[in-house]
Amino acid sequence: MRDFSQNHDWLSINTATVRKQQGAEVPLDRIIDQCAERGIRAISPWRDQVAGVGIERIARQLKAHGIGLSGYCRGGFFPAPDAAGLKAALEDNRRAIDEAKTLDAPCLVLVVGALPGALDGRAAYKDLGRARAEVHDGIAASLDYAREVGMPLAIEPLHPMQAADRACINTLEQALDLCDELDPARSGMLGVALDVYHVWWDPKLEQQIERAGRERLLAYHVCDWLTPTRDLLSDRGMMGDGVVELRKIRGWVEAAGFQGFSEVEIFSVLDWWQRSGEETLDTCIERHRSAV
Ligand code: ZN
């Protein structure tokens with residue numbers, strides 16, 4: 001297992017971690033400068049943050065700083081109430097794949113979607129099986145295009161508390177079953193983004209990480225699970241502040257062949273978004289060394 005205690009070479013920052021500091025939206029170019037000042041080698045930005053500055057400008061800035069991507073957030077949200085909605089989702093995913101390519105991302109992360117409309121409190125239907133079928137078809141169609149342009153797709157299984165509104169793929173096993181069905185050759189073009197916040201509780205986690213192997217483990221996201229959790233979406237903890245056995249899980253992931261970045265992804269309305277981006281980034285570096 002790699003020793004992270006001496007440097008932060010394998011730290012990546014998911015830019016949602018430092019985007020809403022002290023009530024203000026921090027533009028992505030500023031976040032990239034803050035990361036560059038700290039010798040952080042990789043980030044994972046969100047599409048709306050990139051669009052806010054302009055993708056060509058972001059691509060140039062990343063290149064100038066020598067900062068790479070550990071992933072691009074995000075595609076997915078395939079289910080829709082009608083054919084027009086399903087088609088629009090596919091077109092949007094195609095654009096996301098193109099953007100990921102422009103930014104030279106190693107993968108496009110997919111939060112696959114669930115009951116359409118549920119995120120706004122108005123689910124168009126309640127059939128989770130239908131949503132899962134639409135996700136299957138959406139990924140299959142997107143994978144054809146992803147293969148054409150050479151952009152791997154990383155399915156992120158989300159904690160079942162988000163099955164209604166964000167993702168109806170909820171365990172690593174379920175994600176890997178889909179990968180095996182759509183990409184039986186393990187081509188490297190379809191895999192998973194493993195986020196400890198979503199999967200740490202799973203009794204099959206170690207076994208399924210081993211099953212995933214190097215070809216399927218495309219991204220690794222870290223934070224911590226706080227007790228109590230005060231907000232289901234936005235009360236993620238800083239590594240070391242919660243109950244996730246981060247070292248143990250990274251050991252499993254590395255034993256399976258993963259040698260990439262540990263991407264810190266913390267949505268924290270009540271704590272880290274109340275502090276400055278500088279303090280948050282400095283703490284990420286320190287905890288990457290001591291707790292990840
Ligand atoms: Zn994640």
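Note that ligands are numbered from 1 as they come in the structure, with each ligand's atoms numbered from 1 the same way. By convention here, the first residue in the shown sequence is residue 1.
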Residues at least two apart in sequence or cross-chain that pass side-chain hydrogen bond (donor to acceptor under 3.5 Å, both in side chains) with Tyr220, listed by chain then number, are none
Is there a continuous path of hydrophobic side-chain contacts, each under 4.5 Å between heavy atoms, that joins Trp201 to Tyr197?
yes
Hey, can you tell me if Trp200 and Trp225 have their rings parallel, tilted or perpendicular (30° and 60° cut-offs)?
tilted
Partners passing side-chain hydrogen bond (donor to acceptor under 3.5 Å, both in side chains) against Asp48 (at least two apart in sequence or in another chain):
Arg19
For Glu263, all residues meeting salt bridge (charged side-chain N to carboxylate O under 4.0 Å, His left out), sequence neighbours excluded:
none
Taking Cys179's backbone N and O only, do any of them form a donor-acceptor pair with Asp183's side chain (distance below 3.5 Å, no angle check)?
no
Report the protein N/O/S neighbours of the Zn ion (ligand 1) that fall below 2.8 Å; do not count waters.
Glu156 OE2, Asp195 OD2, His221 ND1, Glu265 OE1
